[in-house]
Amino acid sequence: MSTLENTHHEEDGVTRRDMIHVGAGVMAGVGAVASLWPFIDQMNPAADTLALASIEIDISQIDTGSAIIVKWRGKPVFIRHRTAEEISEANAVAVADLIDRQTDEERVQAGKEEWLVVMGVCTHLGCVPLGTKTGEEKGDYGGWFCPCHGSHYDTSGRIRKGPAPKNLEVPEYAFLTDTTLKIG
Amino acid sequence: MAEWKAAKPENKVLGWVEERLPILSLVNNVVGPDTPTPRNLNYWWNFGSLAGLMLVIQIISGVVLAMHYAATTGVAFDSVERIMRDVNYGWLIRYMHANGASFFFIAVYIHIFRGLYFGSYKAPREVLWMLGVVIFLLMMATAFMGYVLPWGQMSFWGATVITNLFSAIPMVGESIVQLLWGGFSVDNPTLNRFFSLHYLLPFVIAGVVILHLWAKKISDSGNPLGIDVKSSADQIPFHPFYTVKDAFGAGVFFFVFAMFIFYMPNALGHPDNYIPADPLVTPPSIVPEWYFLPYYAILRSIDFPLGIPGVFELVDAKLLGVLAMFASILVWLLLPWLDTSKVRSGNFRPLFKWFFAFLVVDMFILTWLGAQKPEGNIPLYGKIATAYYFAYFLVILPVLSRKETTLPLPESISNPVLKPAE
Ligand code: HEM
Ligand code: FES
């Protein structure tokens, strides 16, 4: 039977018991931290939220020069059928002068330059910028204007003026046919 | 610290309980006849107990609202309308709760600015003060989440803008925002968790209030002269003197509160919150509740990065604005070390008085600016008001406390004969 005495190793003052204490403490700590994770992760989007299907939209009714708003994953998406002037305006600026440097090409699909598909969520603090519906203010650069804190976006959805740091986000999308767009 | 006096009740049953759980002694030593308190407290000292009463009112009215409220996006708005129209006295209880939040903030703001003027944050009351700041932060979180519950347009867009503040954090910002939302936008999971937390936090506040009062017991109340208690001649018992004075103040305060509830229940609210939430339409202007406006104005004033724009940005504009907003309250935590003047009360600080008065005016200006559309000169005024706000804490107070010649302090509270300046 082991006794208290024979667990001592007097030379350096460290005992086997200290080792067990430290080990047990560390294990309890690791366990406590590990069990914390489920309590944090439960806040993240749940499986059904993540499973939100992609949507398909008929774009044949969107005339040149107009745009629509659709709802995807609880957020607005702008689909804009751009005019030739709007496209050339978007290409006319020097990329180096932009706040968030991106060419128009990088923001549309080749051969489908007339279609601009962007999230309708201001990259500042998330308001829905105006400019999609006819008659709405489009801002100084003919794209969108966010009324919340005054961000101006151009005809490529790029941030040009105001507090927003980034261009309107381009979601994942594909043209299933010439008139059907799939987002997501 | 005042010494602890055990209560010895005459009543046998009370005495029996008291021996086992000295709860009467506790009350007696915190707000009772055996709580010696400076004899010169003025009406600015009423607002602590008023804040406490408002917390009680919010908890009682809130628990009742929760019996009828449904935290699901499809029905939340309607359930609040049902409270207003169909539930017996529902309109009264909801108006009490909605206006109660405003009056809670009025009481707490006056309480805080009382502390700023009379130097309540100075030794030995630093921890007492800092616990107060914690209560204020918890109150802001509670009120913010409460405002989301009726699920009107302002609820939804206020929640969207405020949760998006966290997206300013580099690298992990987006993930944090998704974590807060439980989805890809403010939606049902968000409403649900906000309700859970809105129910919880007031009780956490109540817990911190107990710590706050405990710290007050240890350091004793300050007083308008800002000098220490020298003898028992400087003190009077809390009960009946201050219990009665606090009750009188409560009567006046509740009179005004009742005027709002009965005659102008929506004066402090925004009409857009009677429009059900619509994720596809942002209201023409998003205005927070009045008690958040100064910080909102500070957030919006910072539209420039730290560093040289476009060349070298240490902190981008969005993050800097968010940091400034949080810093505007967190800076209060540092006050005991920013203002090192030995004189506590503003009454004896001839220069400080003026800078303090400007700070109060500045707060009103920031409140006004926060409600304006950021056009024309508004952003410029916002920058000036924000600059003064931070200068007061970070520059003016540290310099003043070294340079200012203070007035001679009285001998004692009971014997206000002036002694020569030190
Ligand atoms: C620190 C204390 C509290 C504050 C500052 C506060 C603040 C608020 C605010 C500003 C609203 C929105 C009112 C409106 O415009 O309709 C609200 C709503 C609500 N609160 Fe509280 N609250 C507090 C405590 C509580 C507690 C303890 C509960 C429940 C136990 C509660 C339950 C509710 C419910 C159910 C609603 C939604 C109904 C409504 O909007 O009228 N509150 N709260
Ligand atoms: S949310 Fe669009 S400018 Fe602030």
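Nothing here was measured: the structure is a model prediction, and the numbers come from that model. Letters go in sequence order (proteins before strands), and every chain restarts at 1.
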Chemist: Show the nearest heavy-atom pair for residues B:R300 and A:C148, with the distance to one decimal.
Modeler: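 Looking at all heavy atoms of both residues, the shortest contact is NH1-O, 4.5 Å.
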
Chemist: For chain B, which residues from residues 155-176 of chain A have at least one heavy atom closer than 4.5 Å to it?
Modeler: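 Within residues 155-176 of chain A, the residues under 4.5 Å from chain B are A:P165.
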
Chemist: Does any backbone or side-chain atom of B:L299 lie under 4.5 Å from a heavy atom of chain A? Answer side chain, backbone, both or neither.
Modeler: side chain

Chemist: Let me know if B:L165 has heavy atoms under 4.5 Å from chain A in its side chain, its backbone, both or neither.
Modeler: both

Chemist: Please determine which of B:T282, B:L280, B:V281 meets the side-chain contact (heavy atoms from CB on, under 4.5 Å) test together with A:P76.
Modeler: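 So, applying the side-chain contact (heavy atoms from CB on, under 4.5 Å) to A:P76 and each of B:T282, B:L280, B:V281, only B:L280 qualifies.
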
Chemist: Taking all non-hydrogen atoms of both residues, which atom of B:S185 and which atom of A:R73 are closest, and how far apart?
Modeler: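 Shortest heavy-atom separation between B:S185 and A:R73 comes out as OG-O, 3.8 Å.
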
Chemist: Do you know which two heavy atoms are closest between A:P147 and B:P284, and how far apart they sit?
Modeler: CB-O, 3.7 Å

Chemist: Sort by residue number and list every residue of residues 114-135 of chain A having at least one heavy atom under 4.5 Å from chain B.
Modeler: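 Residues A:T123, A:H124, A:L125, A:G126, A:C127, A:V128 are the ones that qualify, each having a heavy atom under 4.5 Å from chain B.
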
Chemist: Tell me whether B:R193 contacts the main-chain N or O of A:M43 through its side chain, where contact means a donor paired with an acceptor under 3.5 Å.
Modeler: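 Yes; judged by distance alone, with no hydrogens or angles, the pair exists.
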
Chemist: If you count the non-hydrogen atoms of other residues, nucleotides and ligands that lie under 6.0 Å from CZ in B:F203, is the total more than 12?
Modeler: yes

Chemist: B:T160 versus chain A, heavy atoms under 4.5 Å apart: side chain, backbone, both or neither?
Modeler: both

Chemist: Is it the backbone or the side chain of B:F166 that comes under 4.5 Å from a heavy atom of chain A, or both, or neither?
Modeler: neither

Chemist: In Å, rounded to the nearest 0.5 Å, how long is the span from CD of A:Q42 to CG of B:L179?
Modeler: 8.0 Å

Chemist: Top residue by heavy-atom pair count (under 4.5 Å) with chain B, among A:G74, A:G150, A:C146?
Modeler: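 Looking at each option in turn, the highest pair count goes to A:G74.
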
Chemist: Which one, B:P189, B:G182, B:A168, leads in non-hydrogen pairs under 4.5 Å with chain A?
Modeler: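 Most pairs with chain A among the choices: B:G182.
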
Chemist: Looking at every non-hydrogen atom in both residues, tell me the closest pair between A:T49 and B:F184 and how far apart they are.
Modeler: O-CE1, 4.0 Å

Chemist: With a sphere of 6.0 Å drawn around CG of A:D41, does it hold more than 12 non-hydrogen atoms of other residues, nucleotides or ligands?
Modeler: yes

Chemist: Name the region of B:P279, side chain, backbone, both or neither, that has any atom closer than 4.5 Å to a heavy atom of chain A.
Modeler: both

Chemist: Quick check on A:E106: does its CD atom have over 12 non-hydrogen neighbours (other residues, nucleotides or ligands) under 6.0 Å away?
Modeler: yes

Chemist: Atom NZ of residue position A:K112 - does it have more than 12 heavy atoms of other residues, nucleotides or ligands inside 6.0 Å?
Modeler: yes

